[in-house]
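Structure first, then comments.
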Amino acid sequence: MPYPMISKNVALAAVFTVMHVVTLPLMAQEGKGASAAATGNGPEAAVEQGKAKAIELCQGCHQFKGADQAGTVGPPLLAMKARFPDPAKLRALIYDAQKASKPYTMMPPFGRNGLVSEQDIEHIIAFLYTL
Ligand code: HEC
């Protein structure tokens with residue numbers, strides 16, 4: 001009996017079409033939201049950009065939420081706001097850990113070596129404060 005088969009397939013196709021019509025714009029919307037956050041200037045954008053920088057520059061040595069290939073050279077970065085309530089301390093440490101921590105630290109002097117801008121450091125701190 002070919003007829004019922006066909007009508008079942010047609011009905012399924014119709015259901016999938018409707019699902020796509022509904023979900024595709026939603027997915028596009030989500031994508032837009034993410035790229036706006038990554039390029040915008042709001043606090044969420046700062047956190048997103050800081051997270052990207054931290055994954056690029058810090059996870060080789062530090063474990064933190066969102067780093068899935070983290071090393072263990074340095075201590076895990078957690079409870080950052082409680083442990084480093086003064087952002088100036090973090091700023092100094094990220095700019096030049098050899099000066100802010102100890103001269104023989106493994107942590108590179110990111111700011112002094114021009115690996116991060118002042119703006120990058122602010123973004124990284126915004127992200128660290130979410131940990
Ligand atoms: C090559 C390894 C290395 C990299 C890369 C590195 N760090 Fe570190 N970091 C360390 C080590 C080792 C310490 C331990 C203290 C010290 O030696 O100064 C440390 C200490 C810290 C501390 C103090 C933590 C605590 O609990 O006392 C913070 C905050 C920190 N690093 C942030 C960062 C950030 C942010 C980045 C990326 C921009 C980064 N580190 C990249 C090795 C590294």
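Values in this document were obtained by computation on a predicted structure and should not be read as measured data. Whatever order the structure lists them in is the order used to number ligands and atoms, beginning at 1. Quick note: numbers below take in every heavy atom, side chains included, and nothing from hydrogens, waters or symmetry partners.
Inspection of the environment of atom 8 (Fe) of ligand 1 yields the following protein N, O or S atoms under 2.8 Å: H62 NE2, M107 SD.
By the salt bridge (Lys or Arg N to Asp or Glu O under 4.0 Å) test, K53 pairs with E56, sequence neighbours left out.
Protein heavy atom closest to atom 25 (C) of ligand 1, with residue, atom name and distance, is R83 NH1, 3.5 Å. Among all protein heavy atoms, the one lying closest to atom 27 (O) of ligand 1 is F84 CZ, 3.7 Å. In this structure, the protein non-hydrogen atom closest to atom 5 (C) of ligand 1 is L57 O, 3.3 Å. In this structure, atom 18 (O) of ligand 1 lies nearest to the protein heavy atom S101 OG, 2.6 Å.
For the atom pair L128 CG and I121 CD1, the distance stands at 11.0 Å (nearest 0.5 Å). Put simply, CG on L93 and CZ on F110 are 9.5 Å apart, with the number rounded to the nearest 0.5 Å.
A pairwise comparison of heavy atoms in K51 and G66 identifies CE-CA, 4.2 Å as the closest pair. Residues A126 and A46 share a closest heavy-atom pair of CB-CB, 4.2 Å. Residue I94 comes nearest to M107 through the heavy atom pair CA-CE, 4.2 Å, listed as atom of the first residue, atom of the second, then distance. Pairing each heavy atom of L77 with each of H62, the nearest pair is CD2-ND1, 3.6 Å.
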Would you be so kind as to tabulate the donor-acceptor pairs closer than 3.5 Å made by side chains of residues 83-90, with sequence neighbours excluded?
| unit_1 | atom_1 | unit_2 | atom_2 | d |
| --- | --- | --- | --- | --- |
| R83 | NE | L78 | O | 3.0 |
| R83 | NH2 | L78 | O | 3.3 |
| D86 | OD1 | A88 | N | 3.0 |

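No chain of hydrophobic side-chain contacts below 4.5 Å, direct or via other Ile, Leu, Val, Met, Phe, Trp or Tyr residues, connects M106 to V116.
Contact annotation for L90 and ligand 1: only side-chain heavy atoms (C-beta onward) come within less than 4.0 Å of the ligand. Only side-chain heavy atoms of K102 come within less than 4.0 Å of ligand 1; its backbone N, CA, C and O stay farther off. The residue A54 has no part lying near ligand 1, judged by heavy-atom distances below 4.0 Å.
Applying the 4.0 Å criterion to heavy atoms of P108 picks out, from ligand 1, the atoms 1 (C), 3 (C), 4 (C), 5 (C).
Distances shorter than 4.0 angstrom occur between a heavy atom of M80 and an atom of ligand 1.
The side-chain hydrogen bond (donor to acceptor under 3.5 Å, both in side chains) pairs that include a residue from residues 106-128 are Q49-H123, R91-E122, D96-R112, Q98-R112, S117-D120, Q119-H123, where partners are two or more places apart or lie in different chains.
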